[in-house]
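Presented below is the structure to which this report refers.
Side-chain atoms are counted along with the backbone in the values below, which use heavy atoms only and exclude waters and symmetry mates. Residue numbers start from 1 in every chain, and the chains themselves are labelled A, B, ... in the order their sequence lines are given, proteins ahead of strands.
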Protein chains: 2
Amino acid sequence: MSALRNSKQRDAVLRVLSERYDHPTAEEVYISVKKVIPSVSLATVYRNLKLLESEGMIIKITTPESDRFDGHTHEHYHFTCNECKRVIDLELSEGLNVNALPKSFGGKITGHELMFYGLCEGCNKI
Amino acid sequence: MSALRNSKQRDAVLRVLSERYDHPTAEEVYISVKKVIPSVSLATVYRNLKLLESEGMIIKITTPESDRFDGHTHEHYHFTCNECKRVIDLELSEGLNVNALPKSFGGKITGHELMFYGLCEGCNKI
DNA sequence: AAGTTAACGATAATGATTATCATTATCAAT
DNA sequence: ATTGATAATGATAATCATTATCGTTAACTT
């Protein structure tokens with residue numbers, strides 16, 4: 001059943017994401033990886049982003065603009081600036097009590113994603 | 001500055017969404033509108049979905065799979081089934097206290113979107 | 001009734017993501 | 001170390017949702 005092999009490209013994708021905190025797009029990850037492995041293909045970056053996400057090693061953040069990726073998988077939330085489209089980490093003062101939430105729901109909840117919208121500090125001042 | 005005119009097509013898009021509770025995709029809205037206005041164009045449906053969303057009359061729900069639309073704009077949340085990809089409304093037993101949330105954040109929060117993931121009632125039984 | 005232009009229908013263009021396929025690299029078994 | 005099986009790659013074609021273009025139609029103002 002398709003054992004996973006080592007690959008420099010996959011390692012590079014993972015390293016790039018673990019070192020960045022700005023939630024890059026696939027294209028931006030590609031640019032970063034190219035600096036380490038100039039011959040890398042965009043398709044390989046897409047492949048490994050998908051694979052790493054399915055392995056739970058990175059998180060895909062779906063925004064109205066574009067998909068972005070996060071190498072830090074601890075529970076935290078995100079903010080998208082409506083102006084500059086930047087995605088910023090938000091730590092919550094009190095955690096989201098997921099268990100208390102659904103009033104009547106027959107299925108099983110295994111995860112959730114919370115996105116805030118508005119203006120970031122920089123764009124709010126303009 | 002570009003006054004808004006009436007249009008049967010836009011009315012039809014809005015009516016379809018107000019009568020449905022299953023969060024259809026643009027394509028599915030198109031199919032529904034076609035039953036009332038067979039000559040309608042897919043481009044017109046996209047145009048009006050975008051316009052109605054910017055007017056705050058409908059909500060666009062961005063999911064990892066596809067964008068979906070909701071004609072009911074009161075505050076409520078959604079659940080996506082990882083199996084059948086259905087999007088279901090979730091009313092919360094206790095509201096999300098947005099104001100208490102951000103620990104330290106210099107910007108301005110104007111909205112948020114909360115999506116739950118898991119297995120819906122049907123898929124959970126299989 | 002005529003003029004202005006928002007909105008339309010049809011369709012081409014775009015852009016992000018995925019599929020294909022020949023080649024290369026990883027790794028277990030020898 | 002060598003070999004064989006196949007996962008992974010790079011290059012690129014294909015796909016598919018969305019947007020742009022453009023000539024025509026229809027809503028509203030005068």
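Using a 4.0 Å heavy-atom distance criterion, A:Ser39 is classed as a sugar-phosphate-only contact.
In this structure, CD1 of A:Ile37 is placed 7 Å from P of D:dG10, rounded to the nearest angstrom. The distance between atom CD of A:Glu55 and atom C1' of D:dA7, rounded to the nearest whole Å, is 13 Å. Atom P of nucleotide D:dC28 and atom CG of B:Leu4 are separated by 9 Å, given to the nearest angstrom. The separation between B:Leu52 atom CG and C:dA6 atom P is 17 Å, rounded to whole Å. As a whole-Å value, the separation of B:Asp11 CG from D:dA26 C1' is 14 Å.
Below 30°, between 30° and 60°, or above 60°: for A:His76 and A:His78 the angle between ring planes is above 60°, a perpendicular geometry.
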Each nucleotide of nucleotides 14-26 of chain C classed B (base within 4.0 Å of a protein heavy atom), S (only sugar-phosphate) or -, in 5' to 3' order, makes --SSBBB----BB
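For the pair A:Thr44 and D:dG10, the criterion of a side-chain N or O lying under 4.0 Å from OP1 or OP2 is met.
Residues satisfying the side-chain contact (heavy atoms from CB on, under 4.5 Å) test with A:Leu14, not counting sequence neighbours, are A:Leu52, A:Met57, A:Ile58.
When only modelled atom types and interatomic distance are considered, A:Thr44 and A:Arg47 share a side-chain donor-acceptor pair under 3.5 Å. Side-chain atoms of A:Tyr30 and A:Lys34 include a donor-acceptor pair closer than 3.5 Å.
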Test A:Leu114 against B:His112 for side chain to side chain contact (heavy atoms under 4.5 Å, CB included), laying out the working first. CA-CA 7 Å; A:Leu114 176 55; B:His112 62 278; 4.3 Å; yes
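Nearest to the side chain of B:Gln9, among D:dA8, C:dC8, D:dG10, sits C:dC8.
Linking Ile, Leu, Val, Met, Phe, Trp and Tyr residues whenever their side-chain heavy atoms come within less than 4.5 Å leaves A:Tyr21 and A:Val87 in two separate clusters.
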